Amino acid sequence: MGAPAVRWILEHMFYTVAAMGELRWRLAGDDGGQGSLFSDEELVERHMGGGEYRGLEFLHVNARRIINEVPAASRMPFRYTINAYRGCSHACAYCLSGETPILMANGRTKLLANVEVGDDVYGTARVGSYRRYVRTRVLAHWSTLERAYRVTLEDGTELISSGDHRFLTERGWKYVTGAGQGAACRPHLTCNNKLMGVGRLAVPPEHGPEYREGYLCGMIRGDGHLGSYSYVRPGRRHGDVHRFRLALTDFEGLRRTRSFLHDDGVATSEFLFQQAVGARKELRAIRTSSRAGVAAITRLVEYPNVVSDEWCQGFLAGIFDAEGSYSRGILRIANTDAGIIERICVCLRQLGFLFAIDRGRVSYVRVVGGLREHLRFFLTVDPSITRKRVIDGAAIKSTARLGVVDIKPLGIELPMFDITTGTGDFIANGVVSHNCFARPTHEYLGLGTGEDFDTKLVVKVNAVERVRAELAAPRWAGEHIAMGTNTDPYQRCEAKFHLTRGIVGVLAEAANPFSILTKSTLILRDVDLLQAAAARTEVRANLSIGTLDEDVWKATEPGTPHPRRRVEAVARLNEAGIPCGVLVAPVLPCISDSSEQLEAVVKACVEAGAVSVSALSLHLRPGVKEHFMKWLGSNRPELVEEYDRRYRRAYLPSDEQKALSGRVRRLVDKSRGRFSAPSATRPVGGPQRRQDQRPRSRSSQIEGVGGQLGLGM
């Protein structure tokens with residue numbers, strides 16, 4: 001793992017952890033959450049960058065909202081935020097082979113490589129005492145080459161994955177590989193673990209000639225009308241009548257039957273058999289009255305003398321579509337014809353299913369064995385009616401033999417794929433599989449596109465227009481807006497799109513207070529607009545400058561402007577009358593936290609006129625930690641043990657965080673630095689909202705929390 005990967009870690013740590021703590025937007029299901037910020041975006045165009053933007057791809061979207069509210073439960077010192085861009089992050093480790101079957105929400109499977117954004121799949125969620133299967137949307141899909149491992153389970157299931165992939169075990173989530181101590185220490189699979197799920201997913205059948213004949217036999221014998229008869233009809237030479245009709249409320253079964261008949265040379269027509277009335281559903285039907293057609297169908301529904309597995313699969317699918325049901329964990333097929341009941345039993349027995357029979361005027365054949373066998377039935381025979389094969393709400397507990405028997409490195413790199421879902425997991429070859437680890441921008445913002453953070457950027461091309469419209473809305477109370485809370489508003493592509501400049505101009509026109517947090521000196525381009533805004537309302541800038549140490553900067557943030565240039569930007573902004581503070585972040589223990597290093601950056605920032613200086617130590621949340629520790633092992637191996645000791649959790653111990661804040665505060669005092677909080681917004685000419693009706697901005701209420709210095713945002 002090289003410097004770009006470390007820069008990714010540090011930048012995302014910075015943009016998702018602000019001075020008041022971790023910035024974690026809630027998703028729609030969380031209490032007090034605002035929902036996905038980007039679910040309403042529409043992808044309109046893709047543009048490949050050229051010249052200085054070569055290697056970048058820009059995804060142009062139209063956002064339906066641009067000013068987003070931070071949940072009330074957040075500890076952030078602001079209530080509203082704007083992000084005109086978002087760079088999607090990749091997790092640097094991907095999960096499974098593209099040949100892995102994924103359980104879709106329609107009860108079928110799709111190879112992982114073929115899954116698409118927008119597909120509905122099964123994930124899991126804890127409901128009551130059990131984790132249960134629930135439907136969830138695929139939000140992202142991407143791939144890379146990774147070193148491959150094969151995990152083998154007792155039932156013969158094989159899973160090809162990267163070492164960083166996680167599966168749900170009876171003891172919680174565990175990585176494929178890891179160690180009990182040292183840099184690779186993390187929960188990982190052993191042969192004492194059992195995975196959760198139903199086990200290896202059955203391979204669906206090909207719809208070949210024998211399957212089609214079996215399906216037609218089961219469907220038409222179960223629910224169709226077929227016959228030829230004669231009666232005297234005045235004026236006709238003969239009274240021969242040939243009729244086939246099949247009426248269903250489930251159009252999937254009806255249209256599969258029509259398609260299969262067409263493949264066998266029988267043409268039918270579809271018509272409305274019964275209109276929907278009250279609780280009664282619409283009933284559509286197919287029919288033919290041709291002599292040849294009815295004769296062909298009669299031959300197709302005859303029982304063969306010797307039945308193949310393929311015919312059995314088709315027959316069971318057809319009779320289940322016609323007469324079967326699946327409810328409350330009970331899969332059964334009903335019929336009054338003893339011959340059909342016997343044929344069902346023959347086919348189930350041939351395919352290895354256990355079953356029970358409840359005999360009566362209407363007999364029922366029940367497939368037993370729980371969800372594991374029910375899923376095997378659905379996948380093995382492939383009935384067409386989706387509503388009959390869903391498993392929503394079923395508990396993931398299972399008797400499947402899913403103990404881990406082997407974890408073997410294959411010694412090669414293979415294409416690996418991953419998806420992100422709304423639940424954070426999915427069902428891969430019958431076991432519960434985690435998104436490799438939550439990518440920060442998705443985890444915090446509910447993003448819906450899985451593109452590389454460094455090379456693919458989502459650009460909200462209508463951001464300026466949306467800001468203008470939302471500021472003009474009667475319900476908008478003119479509260480403080482923070483920019484740069486997720487992605488840098490002055491990142492590289494701002495020089496191309498000028499969205500931040502446009503937004504600053506609109507905020508200035510509306511005299512709406514705002515702040516900007518950035519690592520980029522590109523902010524100096526907009527000094528004129530910022531000055532105009534500062535003359536009308538409260539404006540605040542903050543630059544992130546983690547260190548002045550040349551070696552540390554090159555190793556961790558090589559793509560950012562030189563820290564000395566950022567210090568100069570602080571001076572120029574303050575000279576221009578735009579209050580600018582500094583966030584010394586992230587401070588890396590034993591790398592950039594020496595007294596000399598901290599004093600150098602604090603002194604330079606104070607001399608540049610920084611109106612406040614705050615400090616944040618490195619934060620290593622799950623996923624990020626593993627990658628940082630790999631980099632540390634390669635570049636500073638002597639520090640691995642120290643980081644293992646100090647980062648037992650995502651944050652440093654609170655006493656160490658407080659100590660860092662105290663050290664920086666004393667250095668600021670020594671350099672005669674200043675701290676200030678924003679003042680009230682200055683009124684401007686023209687109609688104004690009554691100030692006593694405006695909600696008090698959090699930025700004026702909170703200056704320092706949790707032993708850290710306030711950003712003054």
Side-chain angles (χ1 to χ4, degrees), residues 106 108 204-231 233 236-275 281-324 333-337 339-344 346-347 350 378 380-389:
N106 62 8
R108 296 182 170 86
E206 298 289 339
H207 292 180
E210 290 186 74
Y211 180 91
R212 294 199 303 268
E213 289 182 11
Y215 183 87
L216 293 172
C217 180
M219 171 61 82
I220 294 170
R221 284 183 177 271
D223 217 11
H225 172 82
L226 177 67
S228 295
Y229 47 92
S230 298
Y231 62 93
R233 294 190 294 175
R236 301 286 184 94
R237 280 189 311 170
H238 59 79
D240 296 342
V241 176
H242 309 281
R243 286 181 180 170
F244 162 71
R245 185 185 68 227
L246 176 68
L248 295 173
T249 57
D250 292 289
F251 303 153
E252 294 160 309
L254 190 71
R255 283 158 190 170
R256 179 186 282 190
T257 302
R258 188 181 185 193
S259 174
F260 283 1
L261 287 172
H262 179 270
D263 292 342
D264 283 303
V266 180
T268 59
S269 59
E270 183 177 326
F271 65 99
L272 177 63
F273 186 79
Q274 173 185 288
Q275 289 186 337
K281 297 180 179 180
E282 179 180 288
L283 200 63
R284 299 194 67 82
I286 57 174
R287 66 186 172 192
T288 182
S289 298
S290 74
R291 178 177 180 179
V294 171
I297 295 172
T298 302
R299 290 192 299 272
L300 287 170
V301 300
E302 291 178 352
Y303 291 132
N305 293 326
V306 178
V307 295
S308 65
D309 287 355
E310 186 179 355
W311 189 91
C312 287
Q313 290 170 322
F315 178 80
L316 290 173
I319 194 64
F320 182 78
D321 278 345
E323 301 287 349
I333 305 171
N335 211 275
T336 58
D337 188 318
I340 290 178
I341 293 294
E342 179 59 29
R343 187 62 57 167
I344 293 170
V346 168
C347 290
Q350 181 159 328
F378 294 141
T380 298
V381 310
D382 190 28
S384 67
I385 299 174
T386 301
R387 71 171 178 84
K388 292 186 176 185
R389 55 188 297 174

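Since the structure is predicted, the reported quantities are computational estimates derived from the model, not experimental observations.
Side chains of Glu302 and Cys217 form no contact here, defined as non-hydrogen atoms less than 4.5 Å apart. Contact check for Ile297 versus Leu261: side-chain heavy atoms found under the 4.5 Å cut-off. You'll find the side chain of Leu316 stays beyond 4.5 Å of the side chain of Thr380, heavy atoms only. Arg287 has its side chain out of reach of Phe273: every pair of non-hydrogen atoms, C-beta onward, lies at least 4.5 Å apart. Under the 4.5 Å side-chain criterion, counting only non-hydrogen atoms from C-beta, Phe315 is in contact with Ile344. The side-chain heavy atoms of Tyr303 and Ile340, taken from C-beta on, include a pair separated by under 4.5 Å. Here the side chains of Leu248 and Met219 are in contact, with some heavy-atom distance below 4.5 Å.
The nearest pair of heavy atoms linking Ala296 to Val266 is CB-CG2, 3.7 Å. Between His242 and Ser228, the closest heavy-atom pair is ND1-OG, 2.8 Å. The heavy-atom pair separating Gly324 from Lys388 by the smallest distance is O-NZ, 2.9 Å. Annotation for Gln313 and Val381: closest pair O-CB, 3.4 Å, computed over non-hydrogen atoms.
Ion pairing between a basic and an acidic side chain is recognised when a charged N comes within 4.0 Å of a carboxylate O; Arg108 and Asp382 show such pairing. Ion pair Asp264/Arg299 not flagged as a salt bridge, since none of the NZ, NE, NH1 or NH2 atoms sits closer than 4.0 Å to an Asp/Glu carboxylate oxygen.
Using a distance-only test at 3.5 Å, with no hydrogens or angles considered, a donor-acceptor pair links the side chain of Arg221 to the main chain of Val301. Listed for the Arg389 side chain is a donor-acceptor partner under 3.5 Å among the backbone atoms of Pro383. No donor-acceptor pair under 3.5 Å is formed between the side chain of Glu213 and the backbone N or O of Pro304.
With rounding to the nearest 0.5 angstrom, the CD1 atom of Ile385 is 4.0 Å from the CG atom of Asp321. Taking OG of Ser384 as the start and CZ of Phe320 as the end, the distance is 10.0 Å to the nearest 0.5 Å. Expressed to the nearest 0.5 Å, how far CD of Glu282 lies from CD of Gln274 amounts to 9.5 Å. Here Asp250 contributes atom CG and Leu283 contributes atom CG; the two are 10.0 Å apart, rounded to the nearest 0.5 Å. Annotation: the span from Ile220 atom CD1 to Thr298 atom OG1 amounts to 9.0 Å, rounded to 0.5 Å. A distance of 8.5 Å separates OG1 in Thr288 from CZ in Phe244, rounded to the nearest 0.5 Å.
Applying the 6.0 Å contact sphere to CD of Glu206 captures no more than 12 heavy atoms from other residues, nucleotides or ligands. The environment of NE2 in His262 is sparse: at most 12 heavy-atom neighbours from other residues, nucleotides or ligands sit within 6.0 Å. Heavy atoms of other residues, nucleotides or ligands lying less than 6.0 angstrom from CZ of Arg255 number more than 12. Residue Arg284 qualifies as enclosed at atom CZ: its count of foreign heavy atoms under 6.0 Å is above 12.
A cation-pi arrangement, defined by a distance under 6.0 Å to the six-membered ring centre and an angle within 45 degrees of its axis, is present between Arg256 and Tyr215.
Under the side-chain hydrogen bond (donor to acceptor under 3.5 Å, both in side chains) criterion, Glu210 pairs with Ser308, sequence neighbours left out. Every residue two or more places apart in sequence or in another chain that forms a side-chain hydrogen bond (donor to acceptor under 3.5 Å, both in side chains) with Glu252 is listed here: Thr386.
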**Message:** Does Arg245 form a side chain to side chain contact (heavy atoms under 4.5 Å, CB included) with Phe271? I'd like the steps, not just the answer.
**Reply:** CA-CA 10 Å; Arg245 185 185 68 227; Phe271 65 99; 4.1 Å; yes

